[in-house]
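Shown next, in structure tokens, is the structure this report addresses.
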There are 2 protein chains.
Amino acid sequence: MALRHAVLAALLDGEYSGYQLAKVFDIGVANFWHALPQQLYLELAKLEKEGMVAGRQVIQETRPNKRLFKVTAEGLAELTRWAASAAKPSFIRDDLMVKVQAADRIPAGPVLEQLDERVRVADAKIEVLAKLLARLRGELDEDAFLREGEHVGPYLTCLRGLRFEREHRDWCVLAASVLRAREVACTPAT
Amino acid sequence: MALRHAVLAALLDGEYSGYQLAKVFDIGVANFWHALPQQLYLELAKLEKEGMVAGRQVIQETRPNKRLFKVTAEGLAELTRWAASAAKPSFIRDDLMVKVQAADRIPAGPVLEQLDERVRVADAKIEVLAKLLARLRGELDEDAFLREGEHVGPYLTCLRGLRFEREHRDWCVLAASVLRAREVACTPAT
DNA sequence: TCAGATTAGTCAACAATCTGACTATAGTCA
DNA sequence: TGACTATAGTCAGATTGTTGACTAATCTGA
């Protein structure tokens, strides 16, 4: 039950509507906690009922109205309490790695295509994250920001996301080249 | 519904009982697909009912009896079919990253302790994975194994696991040192 | 002007996962 | 002898997460 805490942590950045939160989640928080918009709306509703977040209606003329949420003192207390309790070990789920695990027993072709596609997706993600980090840093260089910048938390987690994507990308390139070389070695007639 | 495929991929290695599979999962497959023993037993039962795996009873005298499972032709076909369908994007869940995200708004002390603990856990995991890779490699060096070795799939996925752990470790060290430096800078009286 | 995208959000049904307790037998160590 | 660990596996119940459809307004481009 840590989605609630991921939501609270994301809302520390400022006031967001459910819709905006979904966007923010997708580029930032999704690096360590993936969630669908539906989950977020539901979780925000629960958190509001429990007094962890406070919502306020914003009437808009050119857009549908929305409700902005911010973390209450109680929400911050809950986050603090939770942060002090033991963390569960991290875990990854990755279909593609399952496929690579089996790649020397099943046709490698489709897996190779998916590895290539992943490289493209990772490259795009790397670009987005690099830009986001530059924006968070502002005028400062990385060392200075880590020493003195505001909101170093989101910066650190995005940095982890960036490094993860780079590693992931490099591994996909390696795996694809290894499997490709072996495919050629096995079926020289193709 | 990819746990079934992770189980099939793991069983390609050889015949395992549910209990053994749980062990194998924990060190190898858990790098990209985490599952509890209960899930595995359940999934094996389902897969057997559908003819994807075949179980055979092994009577033991010094241990409780067990059932060993292997992938059937039908199971391999299902795995092949699935491997050719589109992979979902990978996702991570990590409590500790959520805590770091919030670390500049809540007391950082407990988070720092957990980061240190993570470094220890990651170091242990790195050692286990390095040994596992050396065992899989046998006499060959890495390049040679990737070119000619048998079962390159599990090798590649373990390699990804090792790299992930190293990155994770390094990031935890960085995050802890950044947060620690800032804590000292903020509260010089402590 | 009409289709499609964007903003903003909701709901129900279903599938997957986790928690925690449970049964057994055999081996080890003090 | 009694406690603890390892092997081997099962079950029910609760929580979480996913799928897919739905409402409704406005804005954008062909």
Side-chain angles (χ1 to χ4, degrees), chain A residues 1-7 15-27 29-30 32-50 53 55-69 82 85-95 98, chain B residues 1-7 15-27 29-30 32-50 53 55-69 82 85-95 98:
Chain A
M1 215 204 344
L3 173 59
R4 59 194 308 98
H5 302 112
V7 169
E15 262 186 330
Y16 292 110
S17 67
Y19 190 80
Q20 290 172 303
L21 183 64
K23 302 264 165 181
V24 168
F25 239 73
D26 212 38
I27 59 163
V29 181
F32 52 90
W33 204 279
H34 152 86
L36 297 167
Q38 292 97 316
Q39 284 175 271
L40 299 178
Y41 282 116
L42 211 66
E43 202 60 46
L44 280 171
K46 282 193 218 161
L47 285 168
E48 192 183 19
K49 215 171 69 185
E50 296 170 41
V53 303
R56 66 183 177 90
Q57 183 85 7
V58 173
I59 311 293
Q60 295 185 118
E61 297 194 352
T62 64
R63 296 278 171 204
N65 297 338
K66 62 183 173 182
R67 305 198 63 221
L68 293 184
F69 296 92
W82 172 77
S85 72
K88 294 184 187 168
S90 73
F91 81 87
I92 311 184
R93 291 246 156 116
D94 193 339
D95 277 12
V98 176
Chain B
M1 214 202 349
L3 173 58
R4 62 196 304 100
H5 303 110
V7 168
E15 261 185 330
Y16 292 110
S17 66
Y19 190 80
Q20 289 171 305
L21 183 63
K23 304 264 164 182
V24 168
F25 239 73
D26 212 37
I27 59 163
V29 183
F32 52 90
W33 203 279
H34 152 86
L36 297 167
Q38 292 97 314
Q39 284 174 271
L40 299 178
Y41 282 115
L42 210 65
E43 202 60 47
L44 280 172
K46 281 193 219 161
L47 284 167
E48 193 182 19
K49 216 171 67 186
E50 296 169 41
V53 304
R56 67 183 176 89
Q57 183 83 9
V58 173
I59 310 293
Q60 295 185 119
E61 295 193 353
T62 63
R63 297 276 169 204
N65 297 337
K66 62 182 172 182
R67 307 198 63 222
L68 294 183
F69 296 92
W82 171 78
S85 72
K88 294 183 187 170
S90 72
F91 80 88
I92 312 184
R93 292 249 154 115
D94 193 338
D95 277 12
V98 177

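Here is how names work: the chains are called A, B, and so on, in the same order as the sequence lines, proteins then strands, and each is numbered from 1.
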| Which side-chain hydrogen bond (donor to acceptor under 3.5 Å, both in side chains) pairs, counting each pair once, include a residue from residues 33-45 of chain B, with sequence neighbours left out? | B/Arg4-B/Glu43
| query | Any side-chain heavy atom of B/Val98 sitting closer than 4.5 Å to one from A/Trp82? | reply | yes
| message | Can you pull out the residues from residues 18-27 of chain B that lie within a 4.0 Å heavy-atom distance of DNA chain D? | response | B/Gly18, B/Tyr19, B/Lys23
| said: For chain B and DNA chain C, what are the first and last nucleotides along the strand, 5' to 3', with at least one atom under 4.0 angstrom from a heavy atom of the protein chain? | reply: C/dA16 to C/dG27
| task | Would you indicate whether the side-chain heavy atoms of B/Gln20 and B/Leu68 approach each other to under 4.5 Å? | result | yes
| field | Considering all heavy atoms, the nearest A/Ala35-A/Phe25 contact | value | CB-CE2, 3.9 Å
| request: Quickly work out the A/Leu42 CG to D/dT19 P distance and round it to whole Å. | output: 16 Å
| remark: Rounded to whole Å, CZ of B/Arg93 lies from C1' of D/dT18 at a distance of 11 Å
| Atom pair distance, as rounded to whole Å: CG in B/Asn65 and P in D/dT10 | 12 Å
| request: Measure the angle between the two terminal helix axes of the helix from C/dT1-D/dA30 to C/dA30-D/dT1, five base pairs each, and quote it to 10°. | output: 40°
| said: Applying a 4.0 Å non-hydrogen cut-off, can you work out what A/Gln39 is touching in the nucleic acid: base, sugar-phosphate, or nothing? | reply: base
| task | Return the 5'-most residue of the pair B/Pro37, B/Lys88 with respect to DNA chain D, ranking by each residue's nearest nucleotide. | result | B/Pro37
| task | Specify the closest pair of heavy atoms between B/Ala6 and B/Val29, including all atoms of both residues, with the distance to one decimal. | result | CB-CG1, 4.4 Å
| field | Distance-minimising heavy-atom pair for A/Leu21 and A/Tyr16 | value | N-CB, 4.1 Å
| request: For A/Gln57, check side chain to side chain contact (heavy atoms under 4.5 Å, CB included) against everything at least two apart and list the hits. | output: A/Ile59, A/Asn65, A/Arg67
| note | OG of A/Ser17 to CD of A/Gln60, rounded to nearest 0.5 Å, is 8.0 Å
| A/Leu3 vs A/Leu40, side-chain contact (heavy atoms from CB on, under 4.5 Å): CA-CA, chis, key distance, verdict | CA-CA 8 Å; A/Leu3 173 59; A/Leu40 299 178; 4.1 Å; yes
| Side-chain (B/Asp94) to main-chain (A/Phe32) donor-acceptor, under 3.5 angstrom | no
| said: If you compare every side-chain N and O of A/His34 against the phosphate oxygens of D/dG17 (OP1, OP2), does one of them come in below 4.0 Å? | reply: no
Can you name the atoms? Protein N/O to nucleotides 20-23 of chain D N/O, anything below 3.5 Å, with the distance.
unit_1, atom_1, unit_2, atom_2, d
D/dG20, O6, A/Gln38, NE2, 2.8

| Spacing between B/Lys46 atom NZ and D/dC11 atom P, to the nearest angstrom | 14 Å
| said: Rounded at 0.5 Å granularity, tell me how far NZ in A/Lys49 sits from CG in A/Leu47. | reply: 11.0 Å
| request: Looking at every strand, decide which applies to A/Arg4 at a 4.0 Å heavy-atom threshold: base, sugar-phosphate, or nothing. | output: nothing
| When you match B/Gln60 and A/Pro64 each to their closest nucleotide on DNA chain D, which lands nearer the 5' end? | B/Gln60
